[in-house]
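In what follows, a single structure is set out as structure tokens and then discussed.
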Amino acid sequence: MELQLSENQTFIAQTVRDFAARHITPFRNQWDDEQYLPLEVFRQLGELGLMGVLVPEAYGGSGLGYSEYVTAIVELAVADPSIALSMAAHNSLCTNHILEFGNEAQKQRWLPKLASGEWLGAWGLTEPNTGSDASNMRTVAHRQGDHWVLNGAKNFITHGRSGHVAVVIARTGAVGDSRGMSAFVVERGTPGFAGGKKEDKLGMRLSETAEMVFTDCRVPTENLLGEVGEGFIQSLKVLDGGRISIAALSLGIAQGAYQHSVAYAKEREQFGQPIANFQAIAFKLADMATQIEAARLLTFRAADLKNRRQSVNKESAMAKYLASEVACQVANEAVQIFGGYGYCKDFPVEKYYRDAKLCTIGEGTSEIQKLVISRAILK
Ligand SMILES: Cc1cc2nc3c(=O)[nH]c(=O)nc-3n(C[C@H](O)[C@H](O)[C@H](O)COP(=O)(O)OP(=O)(O)OC[C@H]3O[C@@H](n4cnc5c(N)ncnc54)[C@H](O)[C@@H]3O)c2cc1C
């Protein structure tokens, strides 16, 4: 595994930093207050090639690998974690599900619009009563001639209202059968498909999280991804890759909180000297830096394995588990280092602290990551 950033990665990191400094950082507090999803930013990210990072050039994407993808998410998350979350969900979940399991016609139809950022993607697995236990879902799809008819609701869906297209997993077989679910592409505007309640969240407030509701929603059979009964198994594979992106998101949050903490600790004086001179603060920085390096190694290792098309089931869960817990710990210590200022919105650590918590929940909680890891160890 290469530990130095490649020329490509260095270029991507600098491009994202420059872009964020002009188009994200000046507005993020206002957007955070208003829970505003800045669609124009995603179109611009599309122009930079960041809305189809893993999509081959033949379908309008950048044709890059997971290492470049992780680099882009880390830098975006330093600037604003919720933009990074939306970008990651669009790339890893919706777009990647179509890329991995769609047929040629489906790829031709949806990937160019998604990769260009013209369309924002959503991915619906979670339901009000089935989160960690997603395979127990109740949204159903019944075949009627050349259509599937969907009924049910998905909740906590990133871009559940604003997504132009969604990959939706619905039950096509018996409850309790892991082969009883199938994946469908549903375009916004399809009769019977509506966005529902938008969540008012603690953090990640620029990233829209909303319900998707299906009422006798007729989806043409050509929108089925892969075979009937493969939907849940496909989803687990999609999540294996997606968890690398949440690890990257966590890493960016931790890195951002740490960088601000180092600068502040050198600048803030108490008792006639910079607070960095106090061992209590210096040791916090030492712990933060060490945890971040550990999270970075696991995240780039998982990305490297994924690039080499090896199984990352355990490795992506480890990276996501460690990095997300590190993001919370580092953001917590960053607020402590900033003291009262850390608790106020004038400094970015307050926002990292709120945003970080999602990382231990989305795409499988820390407890579920430990289930995945322990099952892999004990099988
Ligand atoms: C901002 C945000 C964005 C999201 N985006 C999407 C999206 O785009 N698409 C999508 O499909 N979903 C999305 N989700 C849903 C997310 O994946 C779920 O919230 C997550 O999987 C947890 O499910 P739950 O919230 O129902 O919690 P539950 O499953 O109810 O878990 C509650 C608690 O019980 C624990 N628990 C549950 N089962 C076990 C077990 N077997 N062993 C030990 N502990 C257990 C959990 O770890 C947790 O601590 C999003 C969520 C949020 C908050």
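Values below: every heavy atom of this structure, side chains too, minus hydrogens, waters and symmetry copies. When a ligand or atom number is given, it counts from 1 through the structure's own listing order.
Using a 4.5 Å cut-off between side-chain heavy atoms of Ile, Leu, Val, Met, Phe, Trp and Tyr, with links allowed through other members, L206 and M51 fall into the same hydrophobic cluster. Under a hydrophobic-cluster definition in which Ile, Leu, Val, Met, Phe, Trp and Tyr are linked whenever side-chain heavy atoms come within less than 4.5 Å, directly or via other members, F283 and F278 are assigned to different clusters. The hydrophobic cluster containing I73 also contains L45, counting ILVMFWY residues as joined when their side-chain heavy atoms lie under 4.5 angstrom apart, directly or transitively.
Scanning all protein heavy atoms for the shortest distance to atom 20 (C) of ligand 1 gives I361 O, 3.5 Å. Ranking protein heavy atoms by distance to atom 41 (N) of ligand 1, first place goes to L371 CD1, 3.8 Å. From the protein, the heavy atom lying nearest to atom 2 (C) of ligand 1 is L358 CD2, 3.6 Å. Scanning the protein for heavy atoms near atom 14 (N) of ligand 1, the closest one is F156 O, 3.1 Å. Looking at atom 16 (C) of ligand 1, its nearest protein heavy atom turns out to be T126 OG1, 3.9 Å. Nearest non-hydrogen protein atom to atom 39 (C) of ligand 1 is I368 CD1, 4.0 Å. Protein heavy atom nearest atom 24 (P) of ligand 1, with residue, atom name and distance: G131 CA, 3.9 Å.
Residue T158 places at least one N or O, backbone or side chain, under 3.5 Å from an N or O of ligand 1. Any N or O atom pair closer than 3.5 Å counts here, and L125 shares at least one such pair with ligand 1. Between W123 and ligand 1, at least one N/O pair is under 3.5 Å apart. By the 3.5 Å distance cut-off applied to N or O atoms, K201 is not counted among the residues near ligand 1.
Residue R161 qualifies as enclosed at atom CZ: its count of foreign heavy atoms under 6.0 Å is above 12.
Every atom of ligand 1 is numbered from 1 in the order shown, and the set under 4.0 Å from a heavy atom of I157 is 7 (C), 8 (O), 9 (N), 10 (C), 11 (O).
The one candidate from R301, K306, R308 that meets the salt bridge (charged side-chain N to carboxylate O under 4.0 Å, His left out) condition with D304 is R308. Tested against D133, the residues T130, N136, N129 include a single side chain to side chain donor-acceptor pair (under 3.5 Å) partner, N136. The salt bridge (charged side-chain N to carboxylate O under 4.0 Å, His left out) test with R205 singles out one residue from D80, D355, D200, and that residue is D200.
Side-chain contact annotation: Q9 with S67, donor-acceptor N/O pair under 3.5 Å absent. Under 3.5 Å, the side chains of Q30 and E34 contain a donor-acceptor pair of N or O atoms. Residues S207 and S86 bring a donor and an acceptor atom of their side chains to less than 3.5 Å of each other.
Less than 4.0 angstrom separates atom 50 (C) of ligand 1 from at least one non-hydrogen atom of the protein. At a distance under 4.0 Å, no protein heavy atom can be found next to atom 30 (O) of ligand 1. For atom 53 (C) of ligand 1, the nearest protein heavy atom lies closer than 4.0 Å.
At least one heavy atom of E363 sits closer than 4.0 Å to an atom of ligand 1.
Considering CE of M204 and CG of D32, their distance stands at 11.0 Å, rounded to 0.5 Å.
Residue nearest to atom 45 (C) of ligand 1, selected from E367, E199, M204: E367 (by heavy-atom distance).
Without hydrogens or angle criteria, R17 side chain to E75 main chain gives no donor-acceptor distance under 3.5 Å. At least one donor-acceptor pair under 3.5 Å links the side chain of R354 to the backbone N or O of L202.
Within the 4.0 Å heavy-atom criterion, the part of T209 lying near ligand 1 is the side chain and not the backbone. Residue contacts with ligand 1, taken as heavy atom pairs separated by less than 4.0 Å, involve S132 via backbone and side-chain atoms alike. Using a 4.0 Å cut-off between heavy atoms, D133 makes no contact with ligand 1 at all. Looking at T365 against ligand 1, only its side chain comes within 4.0 Å, counting heavy atoms.
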